[in-house]
Every structure is written in structure tokens, then in C-alpha cells.
Amino acid sequence: AFFRTVQRDGRWWLLDPQGKEFLCRAPNVVETGAAPDKWDRANPSYCALHEYPSAPAWAAATWSRLTQWGFNAIGGYSDHAAFDAPYCVALTCGGMYGAPWVDPRDPASLKSFTEAADLAATLSGDTRLIGYFIDNELGWYDETVFTFWMGQGRSSRIKQRLFRMLGEAYRGDVRRLRRDFVLDPEPKSFDAVAGEFKSVAWAPGRRPAVVETFIEWFAREYYESVAAVIRARDPNHLLLGDRYASWYSQPVARAAGAVMDVVSANYNTFADSGWISPAFFDGLYRLSRKPVMVTEYSFRTVTPGAPART
């Protein structure tokens with residue numbers, strides 16, 4: 001058995017392999033840092049082996065300290081193999097290869113997703129593994145993503161699909177479309193909308209509904225493509241979303257909910273008190289209808305001697 005999610009009495013729970021409810025509390029980036037021979041005195045960084053005689057000694061002391069602080073798992077970007085504990089793995093399937101500015105079904109994109117996900121094949125039988133974050137803080141800027149693909153030419157598969165959506169939304173009437181968009185060159189016929197544009201902008205005060213339709217479809221293409229690659233290598237573990245960057249796109253969250261097992265967000269509050277907005281998480285759940293995992297959390301504090309709030 002493996003970690004899984006279940007909804008009980010209207011509330012989502014993470015269950016461990018024994019079927020017990022598990023509230024995951026895990027720090028990220030738990031690793032030894034720079035190797036002693038790579039440590040740079042002019043630019044010093046963390047080096048565990050300057051303080052501990054061996055990596056196992058560091059791991060034992062670190063896990064003891066973490067459990068005393070209330071942690072019960074190891075988060076992403078960590079040396080999970082050093083600990084006999086539940087853990088998550090952070091993959092970078094799309095972020096290092098251009099997503100969302102590339103076609104997620106293009107052979108080059110799928111090759112990149114596959115290379116990033118190959119680790120999953122080696123972990124498919126590990127009952128300590130909770131699941132995979134498929135990416136981190138992608139640039140899901142609705143309007144920017146839309147205008148980028150709107151500007152592409154006829155050879156783009158994504159542009160072809162967008163052109164069909166525009167045709168349905170504006171019933172093939174280029175004059176109606178020009179009320180919402182400022183395009184260079186200005187299209188004289190609707191067929192010309194399928195071509196390439198030097199610039200794409202919104203008409204003042206306009207944000208047409210086709211933006212939502214397109215972004216949700218495009219995001220789902222990304223999620224389905226990455227999920228298929230990972231699940232071909234590991235059908236046993238959870239897909240934990242792509243760690244939104246303290247905000248989220250509504251159509252992207254809907255798309256994630258249709259494919260991911262969990263949606264995740266890095267939540268960094270800028271309130272001095274560390275106040276958390278319930279609406280942020282309530283909205284994310286209502287859009288995705290999937291359990292929400294907080295994958296980073298930070299707040300500002302006043303550091304004595306520091307020139308500003310940090």
C-alpha cells in the first residue's frame with residue numbers, strides 16, 4: 001500500500017500506507033549542502049560535513065532535531081535517501097524546458113518531461129514516498145500566456161486550437177474580435193487571425209471570456225502530458241501539483257483539479273503579523289475540488305540590526 005488521499009465527511013485526508021490519517025509537516029531543502037572540497041571561503045555556504053564527521057551522523061542529528069520541532073516528513077529538494085521517513089520529491093518537468101511557453105505535446109517537450117521524470121521509475125515501489133511535485137512556480141500569467149500564443153503563426157498547434165476557439169467566440173466576425181484586441185498587423189479578415197502578429201494587446205477595459213476557455217484547455221494539456229509521463233513510470237504515488245507562487249490562475253486551478261491528486265501552493269504572506277487569508281485556500285479548493293497542500297510558508301519579521309523588514 002502507498003500514501004493516498006480520501007475524503008471523509010466532507011474533509012480531505014492524506015492516508016499513510018497503513019490507512020492512518022497523516023498530517024504532513026515537512027521542511028524543504030534538507031540536504032548536506034556543499035561538499036567540503038567544493039566549499040568556497042570567499043562565498044561561504046552551508047556545509048554539513050564541516051560540522052559532522054559523516055553524512056549518516058548529520059542525518060541522524062538532523063532527523064532527531066526535526067522530530068523534536070514537530071516535523072514528521074522530508075519535503076522537496078532534499079536528500080530523502082538519507083532518512084527513513086516519509087518524503088516528497090520535487091521534479092522539474094516543465095519549468096526548466098520553457099513551460100508554459102512551449103507546446104506540452106510537442107516531441108521535444110515530451111522528451112524533456114520524460115528526462116525529468118525518469119527518477120520516478122526508481123521510486124515506484126517505495127512506500128515512504130508520498131508523491132511528486134511536478135514543477136514549481138510556473139509562469140501561469142493568464143493574459144501574458146494568452147497573448148504569447150495569440151501572436152504565434154499558423155504552424156503552431158496551440159495557435160490552431162486558439163484560432164478555432166476565437167472563431168466560436170466571435171462567430172467568425174473579425175470586427176467583433178477587434179473590439180477586444182489591438183493587433184499588429186490589424187487583421188482585415190477572420191482568416192488572417194490565424195496568422196502571426198507582431199504585437200497583441202487588449203482593447204481598453206476588455207478581457208474576453210475566451211481567455212478563460214483557452215488557458216484552462218492549455219493548462220490541462222500541460223497537466224495531462226506530464227501526468228502521463230510520470231504515471232507510465234510510477235502508477236503508485238500521488239501527483240501533488242506544481243506549487244503555485246503565492247497566487248493562482250483560476251482556469252489553471254480548474255485544469256489541475258481535473259488531473260492532479262493534490263493541488264499545491266507556496267504561500268508567503270507579506271503581513272507583519274503573518275496573517276493568512278482563508279479566502280486564498282478556500283478559493284483554490286472551490287476551483288480545483290482537490291485537497292490543497294501548502295508547500296512553502298514564510299512571513300516578514302523585524303530583524304534587529306537589519307536595514308529593512310525581511
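In this text the structure is predicted, and so the values were computed from the model without any measurement.
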Do [X] and [Y] get their side chains close enough for a donor-acceptor pair, meaning under 3.5 Å?
X      : Y      : answer
Asn236 : Ser124 : no
Glu137 : Asn266 : yes
Ser64  : Gln68  : yes
Trp140 : Asp242 : yes

Are [X] and [Y] side-chain neighbours, meaning at least one heavy-atom pair lies under 4.5 Å?
X      : Y      : answer
Asp142 : Pro251 : yes
Cys47  : Pro36  : yes
Val226 : Pro104 : no
Tyr77  : Val30  : no
Val211 : Trp202 : yes
Leu177 : Leu166 : yes
Cys24  : Ile130 : yes
Leu15  : Phe3   : no

Using modelled atom types and a 3.5 Å cut-off, is there a donor and acceptor pairing between side-chain atoms of [X] and backbone atoms of [Y]?
X      : Y      : answer
Ser264 : Met293 : no
Thr92  : Gly95  : no
Arg161 : Arg157 : no
Trp149 : Leu162 : no
Lys159 : Gly151 : no
Thr114 : Ser112 : no

Does [X] pair with [Y] as a salt bridge, N-O distance under 4.0 Å?
X      : Y      : answer
Asp173 : Arg175 : yes
Asp16  : Arg4   : no
Arg254 : Glu212 : yes
Lys111 : Glu115 : yes
Arg231 : Asp261 : yes
Asp191 : Arg154 : yes
Asp184 : Lys198 : no
Asp103 : Arg105 : no
Glu21  : Arg8   : yes

To check you understand the geometry: which heavy-atom pair defines the closest contact between [X] and [Y], and what is its length?
X      : Y      : answer
Ala227 : Val259 : CB-CG1, 3.8 Å
Pro187 : Arg178 : O-NH1, 2.7 Å
Tyr52  : Ala61  : CE2-CB, 3.6 Å
Leu91  : Ala117 : CD1-CA, 4.4 Å
Ala255 : Ala219 : CB-CB, 3.7 Å
Leu284 : Tyr244 : CD1-CE1, 4.0 Å

So if you build clusters from Ile, Leu, Val, Met, Phe, Trp, Tyr with side-chain heavy-atom gaps below 4.5 Å, do [X] and [Y] land together?
X      : Y      : value
Tyr297 : Leu240 : no
Val174 : Phe214 : yes
Met260 : Phe133 : no
Leu23  : Tyr267 : no
Ile230 : Phe2   : no

Between [atom1] on residue [X] and [atom2] on residue [Y], distance to nearest 0.5 Å:
X      : Y      : atom1 : atom2 : value
Leu66  : Asn72  : CG    : CG    : 10.5 Å
Leu14  : Lys20  : CG    : NZ    : 14.0 Å
Ile215 : Arg220 : CD1   : CZ    : 15.5 Å
Gln152 : Thr147 : CD    : OG1   : 10.0 Å
Ile74  : Leu129 : CD1   : CG    : 13.0 Å
Trp58  : His50  : CH2   : NE2   : 15.0 Å

*Can you say whether the rings of Phe146 and Phe181 are parallel (under 30°), tilted (30 to 60°) or perpendicular (over 60°)?*
parallel
*Return the orientation label for the His80 and Tyr87 ring planes: parallel under 30°, perpendicular over 60°, tilted otherwise.*
parallel
_Going by the rule ring pair (Phe, Tyr, Trp, His ring centres under 6.0 Å), which residues pair with Phe71 if we only count those two or more places apart in sequence or in a different chain?_
none
[atom1]/[X]: more than 12 non-hydrogen atoms of other groups inside 6.0 Å:
X      : atom1 : answer
Met165 : CE    : yes
Arg176 : CZ    : yes
Glu186 : CD    : yes

*Pick from Trp101, Phe148, Trp247: which one makes a ring-ring contact (aromatic ring centres under 6.0 Å, His included) with Tyr141?*
Trp247
_ring-ring contact (aromatic ring centres under 6.0 Å, His included) partner of Tyr248, the single match among Phe281, Tyr285, Phe280_ = Phe280
*Determine, step by step, whether Asp135 and Arg243 satisfy the salt bridge (charged side-chain N to carboxylate O under 4.0 Å, His left out) criterion, reporting the C-alpha distance in whole Å, the side-chain angles of both residues, the deciding distance to 0.1 Å, and the verdict.*
CA-CA 7 Å; Asp135 261 308; Arg243 298 165 53 103; over 6 Å; no
*asked:* Run the salt bridge (charged side-chain N to carboxylate O under 4.0 Å, His left out) test on Arg128 and Asp126 for me, step by step, so that the C-alpha distance in whole Å, both residues' side-chain angles and the decisive distance to 0.1 Å come before the verdict.
replied: CA-CA 5 Å; Arg128 299 173 303 164; Asp126 192 343; 3.1 Å; yes
_From CA spacing to verdict: side-chain contact (heavy atoms from CB on, under 4.5 Å), Met150, Val193_ = CA-CA 9 Å; Met150 181 82 164; Val193 176; 4.2 Å; yes
*Please lay out, stage by stage, how Phe190 and Tyr170 fare under the test ring pair (Phe, Tyr, Trp, His ring centres under 6.0 Å).*
CA-CA 9 Å; Phe190 203 87; Tyr170 294 97; 7.1 Å; no
_Check against side-chain contact (heavy atoms from CB on, under 4.5 Å), Val252 and Tyr222_ = CA-CA 10 Å; Val252 170; Tyr222 156 78; over 6 Å; no
